[in-house]
Amino acid sequence: MAKLTEQDILNWSGDDYMNADHLEFFKERLLQMQQELLGNANATASHLQEQEATPDPADRATLEEEYALELRTRDRERKLLQKIQSTLRLIDDGSYGYCEDTGEPIGLKRLLARPTATLSVEAQERRERMKRQYAD
C-alpha cells in the first residue's frame, strides 16, 4: 500500500469512503499538526522566559503587547490541539469522516481543508443559521 498524497485524495472517486488509506493519511496529517502546535508552545514558553528588562515604559508596553498577542495565539492553538486529540480518538474508534449530526460522510475535500471537521457543510451551515437566529 503506497501512501496517499493530497492529490490522490482530491482525485479519489471510489465507493470505499474513509478506507484504511484515507484514515492513515488524515491521522498522519493530524499528528503533524499536533507536533507543530506543541513546538510552537515550547518556543513560546522559552521566549517568555527570556524576558528582557527594559527601563523605557514605551518599550516595555510594546513587549507586553507582543507577549499578550503571542499568548492569545497559543490559547487558540491550545483549543485546536484539543480538537486534534479528539479527532484522533474518532479515527481510532472508526467514526472519523462522518457528520456527528446526520451520520452522513463529511467529504474528503472538506476534511482536507479542515481535518478536525465533525459536521458536513450543510450541518455546519444549519448550526450557524440557528446560532445567528437565536443570538439576535
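We number each residue from 1, following the sequence as shown.
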> Should Asp92 and Arg89 count as an ion pair when the cut-off is N to O under 4.0 Å?
Replying inline: no
> Under 30°, 30 to 60°, or over 60°: which ring-plane class applies to His22 and Tyr17, parallel, tilted or perpendicular?
Replying inline: tilted
> Of the non-hydrogen atoms in Pro105 and Ser120, which two are nearest, and what is the gap between them?
Replying inline: O-CB, 4.5 Å
>> Looking at every heavy atom in both Pro115 and Leu112, which two are closest together, and how far apart are they?
In response: CD-O, 4.1 Å
>> So that I can tick it off, tell me whether Glu77 and Arg74 are bridged by a salt bridge, with the cut-off set at under 4.0 angstrom between side-chain N and carboxylate O.
In response: yes
> Is it the case that more than 12 heavy atoms not belonging to Glu100 sit under 6.0 Å from its CD atom?
Replying inline: yes
>> I need the minimum non-hydrogen distance between Ala117 and Ile106, along with the two atoms involved.
In response: O-CD1, 3.4 Å
> Is there a donor in the side chain of Thr5 and an acceptor in the side chain of Asp8, or the other way round, less than 3.5 Å apart?
Replying inline: yes
> Is there a side-chain contact between Lys83 and Lys79 (heavy atoms, below 4.5 Å)?
Replying inline: no
>> Are the side chains of Leu30 and Ile91 in contact, using a 4.5 Å heavy-atom criterion?
In response: yes
> Out of curiosity, does Leu119 fall in the hydrophobic cluster containing Val121 (side-chain heavy atoms, cut-off under 4.5 Å, transitive links)?
Replying inline: no
> Does a side-chain heavy-atom distance below 4.5 Å link Glu122 with Thr102?
Replying inline: no
> Just wondering, more than 12 heavy atoms not from Gln32 lying within 6.0 Å of its CD?
Replying inline: no
> So do the side chains of Asp75 and Arg78 get within less than 4.5 Å of each other, counting heavy atoms only?
Replying inline: yes
> Taking atom types as modelled and ignoring hydrogens, do the side chains of Gln124 and Glu128 form a donor-acceptor contact shorter than 3.5 angstrom?
Replying inline: yes
> Is any NZ, NE, NH1 or NH2 atom of the basic residue among Arg127 and Asp101 found under 4.0 Å from an Asp or Glu carboxylate oxygen of the other?
Replying inline: yes
> Which atom pair, heavy atoms only, marks the closest approach of Leu108 to Phe26?
Replying inline: CD2-CE1, 3.9 Å
> What pair of heavy atoms forms the shortest contact from Ile84 to Leu37, and how long is it?
Replying inline: CD1-CD1, 3.7 Å
> Can you name the nearest heavy-atom pair linking Asp93 to Leu90, along with the distance?
Replying inline: OD1-O, 2.8 Å
> Does a sphere of radius 6.0 Å around CZ in Arg60 hold more than 12 heavy atoms from other residues, nucleotides or ligands, not counting ones at 6.0 Å or beyond?
Replying inline: yes
